[in-house]
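Any value given below was found using the heavy atoms of this structure, including those in side chains, with hydrogens, waters and symmetry copies removed.
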Protein chains: 2
Amino acid sequence: MENRSQNFEPDNLDLQILGVLMEDATIPYTEIAKKLIVSGGTIHVRMKKMQDIGVIKGSHLMIDPQKIGYDICAFLGIFLEKGSQYKDAVENLRNIKEIVELHYCTGLYSMFAKIICRDTNHLRHVLNEDIQGVKGIQRTETFISLEESIKRQITLQ
Amino acid sequence: MENRSQNFEPDNLDLQILGVLMEDATIPYTEIAKKLIVSGGTIHVRMKKMQDIGVIKGSHLMIDPQKIGYDICAFLGIFLEKGSQYKDAVENLRNIKEIVELHYCTGLYSMFAKIICRDTNHLRHVLNEDIQGVKGIQRTETFISLEESIKRQITLQ
DNA sequence: GTTGAAAAGTGCTGCGA
DNA sequence: TCGCAGCACTTTTCAAC
């Protein structure tokens, strides 16, 4: 069997397949095959290889949060009392479902979070009750997104 | 035909279908049908309705950026010289492929960006050459993500 | 709106080159 | 390693409830 370590050098065909599927994961293999002028079996082999190696982690359905009543997207700079409290804080923040991303960062803030809420009341509740209640968190700075101007995946190659 | 406005009140079945597919968009309808104890046809009707309304925007293949050599994730607080330059700046920033998210925000920064780069050299190039070259951008503050502790979609219901 | 089954299309697995 | 062909499966459609 092949080397399944982190190192993976995708060739042009691999990159093209990923490029097509990253934008719409529902496109059938046969159609990709037609586009790239190879057989459907080849697409299948390449996909299996990339799934085995772990390059492809799965696929997500993209939904429009606003359409189901989640109107507010905000970023949160989080200050910890002590950097050592990071691991505990993460475990507690994981229970707050409104947090969709959490990063441990260099720079001004200890951590950086992205949260999605229904409305301003919901946001206030998450900030005041849920997040401020986490042990080790000193204070937070909130940036509310008024418009998501760009939202896309990385461009390969 | 039905009302296709922004307002949509998903019932329990809709939410359950979304909940299953948001985590893995490759699960076949027939299997969802078995789980929720309805017929495959019903799943299909509900999905079609939600696609028509725009709740479902599509599906993305999730890939591991690190596995294909993109090691660095960073957030960027962007200061504009004048707020009115926002629209032009967005158009220029759209051409920088390393930017995967861009938000127009309240608070300290005019805009907030998330960028993905291969390595520190790549990041430096994007920051110094590409982003600083955009007209209207005064300065930026960079937060490099050392660890993505949480990455998920919103929890429905 | 839901069901169940038939029709159409896709994905998977050999063998051959 | 790639391409082709047959089988199994899923999606889609539709008449009936």
Tell me: NZ of A:K34 to P of D:dG3, nearest whole Å?
16 Å
Shared hydrophobic cluster, B:L123 / A:L156 (ILVMFWY, side-chain heavy atoms < 4.5 Å)
no
Rounded to whole Å, CG of B:N12 lies from P of C:dG1 at a distance of 16 Å
So, A:E129 and A:R124, do they make that salt bridge, N to O below 4.0 Å?
no
Going through the distances and angles, do B:Y86 and A:E147 end up as a side-chain hydrogen bond (donor to acceptor under 3.5 Å, both in side chains)?
CA-CA 11 Å; B:Y86 163 69; A:E147 186 183 322; 3.1 Å; yes
Does A:I72 reach the side chain of A:Y70, with side-chain heavy atoms less than 4.5 Å apart?
no
Please tell me if the side chains of B:I63 and A:M50 come closer than 4.5 Å, counting only heavy atoms from C-beta onward.
no
A:T42 side chain N/O closer than 4.0 Å to the phosphate oxygens (OP1, OP2) of D:dC2?
no
Is A:S39 near enough to D:dC4 that one of its side-chain N or O atoms lies under 4.0 angstrom from OP1 or OP2?
no
Would you call B:Y109 and B:I78 a side-chain contact if the rule is heavy atoms closer than 4.5 Å?
no
Closer than 4.0 Å, any side-chain N/O of B:R46 to the OP1 or OP2 of C:dG1?
no
Rounded interatomic separation in angstrom, taking CD1 from B:I43 and P from C:dT3:
9 Å
Between protein and nucleotides 6-13 of chain D, what N or O pairs are separated by less than 3.5 Å?
residue: D:dT11; atom: OP1; partner: B:Y29; partner atom: N; Å: 3.3
residue: D:dT11; atom: OP2; partner: B:Y29; partner atom: N; Å: 2.7
residue: D:dT12; atom: OP2; partner: B:H44; partner atom: NE2; Å: 3.3
residue: D:dT12; atom: O5'; partner: B:H44; partner atom: NE2; Å: 3.3

